[in-house]
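Have a look at the structure below before the remarks.
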Amino acid sequence: MRVNFVLSEVATGLRRNLTMTVAMVLTTAISLGLMGTGLLIAGMISDMKEIYYDKVQVSVFLADDVTDQQRSAIEQELAGSPEVAGYIYESKDEAYARFQQQFSQQPELVQNTPADALPESFRVELVNPERYEVIAAAFPNGQDGVDQVRDEGDFLDRLFSLLNGARNATIAVAVVQALAALLLISNTIQLAAFNRRNETSIMRLVGASRWYTQLPFILEAALAGLIGALLAIGGLVVTKLLFVDKTLAGPIRAGIIPPVDWGAIAFISPVIAAAGVGLAGIAAYVTLRLYVRL
Amino acid sequence: MIELQHVTKLYPASSRPALDDVSTEIDKGEFVFLIGSSGSGKSTLLRLLLKEDDPTRGTVVVNGKTLNTMSKWQVPKLRRTIGCVFQDFRLLRNRTVAQNVAFALEVINKPQRTIKRVVPEVLEMVGLEGKGNRLPGELSGGEQQRVAIARAFVNRPLVLLADEPTGNLDPETSEGIMLLLERINRTGTTVVMATHDYHIVDSMRRRVIELNGGALTRDQSRGVYGVGR
Ligand SMILES: Nc1ncnc2c1ncn2[C@@H]1O[C@H](COP(=O)(O)OP(=O)(O)OP(=O)(O)O)[C@@H](O)[C@H]1O
Ligand SMILES: [Mg+2]
């Protein structure tokens with residue numbers, strides 16, 4: 001009955017301020033959803049770094065008219081260089097096969113590209129990825145069978161700074177939303193406490209502790225936070241099913257973008273739920289302490 | 001049991017003190033009427049005994065505890081040893097009669113078994129058997145006051161404070177309430193009751209403490225309401 005009592009207080013409170021409760025739940029859900037998205041992007045970035053960064057830092061593209069002699073000279077130089085941690089050779093055929101796979105979603109593009117259009121190359125992993133210039137200097141463009149040396153790291157840096165920007169923007173909006181949610185929670189709790197000040201003062205007269213009278217309000221906020229978190233998690237699941245798995249299916253299969261797997265969502269869900277419940281509960285507690293005399 | 005030493009209460013809003021250097025002592029098991037014209041400080045005195053407010057000067061002791069030095073978190077404990085009844089009943093509107101009474105036991109962590117047994121007993125004692133499942137709004141004023149008394153008495157408090165408990169009731173209903181308070185007093189509970197009802201005071205002939213403009217002007221055992229009457 002004691003637990004029942006508190007719970008029925010919570011239910012009454014949430015129903016009494018239904019519109020405020022809905023607003024509270026929605027802002028919390030949006031904020032937590034964005035936070036989850038930010039976390040997923042962050043996870044994706046580190047997955048992508050693993051896919052790209054560790055493998056290729058510099059590509060040495062060979063000219064169309066490269067001779068066998070030139071090719072083996074380049075290979076020898078790479079093999080002997082202390083700057084090079086490893087390299088792989090990619091022939092025209094291999095390059096084309098990889099291209100076909102990457103752009104399998106755009107068959108016209110594949111059809112319109114002749115099989116020998118893509119250059120053969122050495123994909124080089126450096127001991128120190130920052131030392132791109134040394135390799136570039138060793139293989140001047142357009143000489144000795146080398147067409148071009150490209151710093152893939154540079155391209156990746158730009159790609160990742162874009163992704164990092166997206167992540168930061170998402171998290172920034174999430175924080176602003178969280179602030180709005182917290183203010184709304186604080187407001188709702190003040191209103192609820194005001195609405196029930198008679199009941200509360202009666203309970204206090206009978207000897208109920210401060211905790212006992214405050215608990216329903218805190219649980220109320222925490223419950224709203226939990227519902228918001230569940231909505232946010234639902235939103236992430238829907239986003240994965242409808243956007244990531246459908247629209248981004250091609251690049252994911254080609255290995256350009258890592259997939260968002262269920263494990264990642266399962267991993268961040270408890271974080272989101274805890275953030276929702278914790279922040280709402282703490283906001284309510286602080287509000288009651290600072291603004292409400294119960 | 002209850003002790004006031006030179007208690008003065010000044011409200012910030014007014015220049016005249018609500019209580020002016022009041023000293024008195026009330027022993028265990030006494031029945032005391034607190035009388036005085038409107039604004040003389042009766043409710044203020046009861047509020048100090050409940051530590052709903054603190055005196056500006058002076059010392060208040062209730063049930064052996066000095067309220068002046070008591071910290072906030074100890075207040076609930078104090079109130080669990082004091083029952084209180086008010087003119088406006090102060091029942092939880094959305095709780096049944098039985099739940100209202102049970103609440104006083106729940107806050108002192110009485111086990112469910114005890115609550116299930118004790119609540120109907122007390123309701124029967126105040127004459128509300130069979131009405132435990134009603135909401136306060138479905139009862140008459142007199143019945144609601146009986147619920148309030150049941151709630152105040154259910155955990156056998158050492159002191160019962162009543163602020164004009166019959167203020168909203170007709171004379172016959174008031175008489176019933178007074179019989180109930182007397183009965184509770186006979187169990188050893190100290191009763192302090194603020195009232196304007198001279199019929200009750202005159203017929204019961206108990207100790208009378210009179211306040212006048214916040215000052216204690218009369219303290220008489222087996223007293224009557226008006227001296228000249
Ligand atoms: N919260 C308050 N703030 C300011 N002044 C107050 C407050 N409560 C009471 N007073 C003042 O203190 C004085 C005593 O009030 P109190 O309520 O104790 O009188 P009372 O004897 O209970 O009167 P009544 O018989 O009408 O209930 C009054 O002058 C009143 O205006
Ligand atoms: Mg009064």
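Letters A, B, ... mirror the listed sequences (proteins, then strands); counts begin at 1.
- Residues of residues 141-158 of chain B that come within less than 4.5 angstrom of chain A, heavy atom to heavy atom, are R151(B) in numerical order.
- Heavy atoms of R93(B) lying under 4.5 Å from chain A are absent altogether.
- Residues from residues 83-91 of chain B that place a non-hydrogen atom less than 4.5 Å from a non-hydrogen atom of chain A comprise C84(B), F86(B), R90(B), L91(B), given in numerical order.
- More than 12 heavy atoms of other shown residues, nucleotides or ligands fall within 6.0 angstrom of atom CH2 in W262(A).
- Within a 6.0 Å radius of NZ in K28(B), more than 12 heavy atoms belonging to other residues, nucleotides or ligands are found.
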Pairs under 3.5 angstrom only: tabulate donor-acceptor contacts from the side chains of residues 175-189 of chain A to other protein residues two or more places apart or in another chain.
unit_1	atom_1	unit_2	atom_2	d
S186(A)	OG	Q190(A)	NE2	3.4
S186(A)	OG	T287(A)	OG1	3.1
T188(A)	OG1	L184(A)	O	2.6

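- Proximity to chain B (any heavy atom under 4.5 Å) is shown, for L205(A), by both the backbone and the side chain.
- Residue-environment remark: OH (Y11(B)) exceeds the threshold of 12 foreign heavy atoms within 6.0 Å.
- Listed by sequence position, the residues of residues 35-47 of chain B in contact with chain A number zero, using a 4.5 angstrom heavy-atom cutoff.
- Partner of S209(A) under the side chain to side chain contact (heavy atoms under 4.5 Å, CB included) criterion, chosen from R79(B), R80(B), K77(B): R80(B).
- R196(A) CZ to N94(B) CG: the interatomic distance, rounded to the nearest 0.5 Å, is 9.0 Å.
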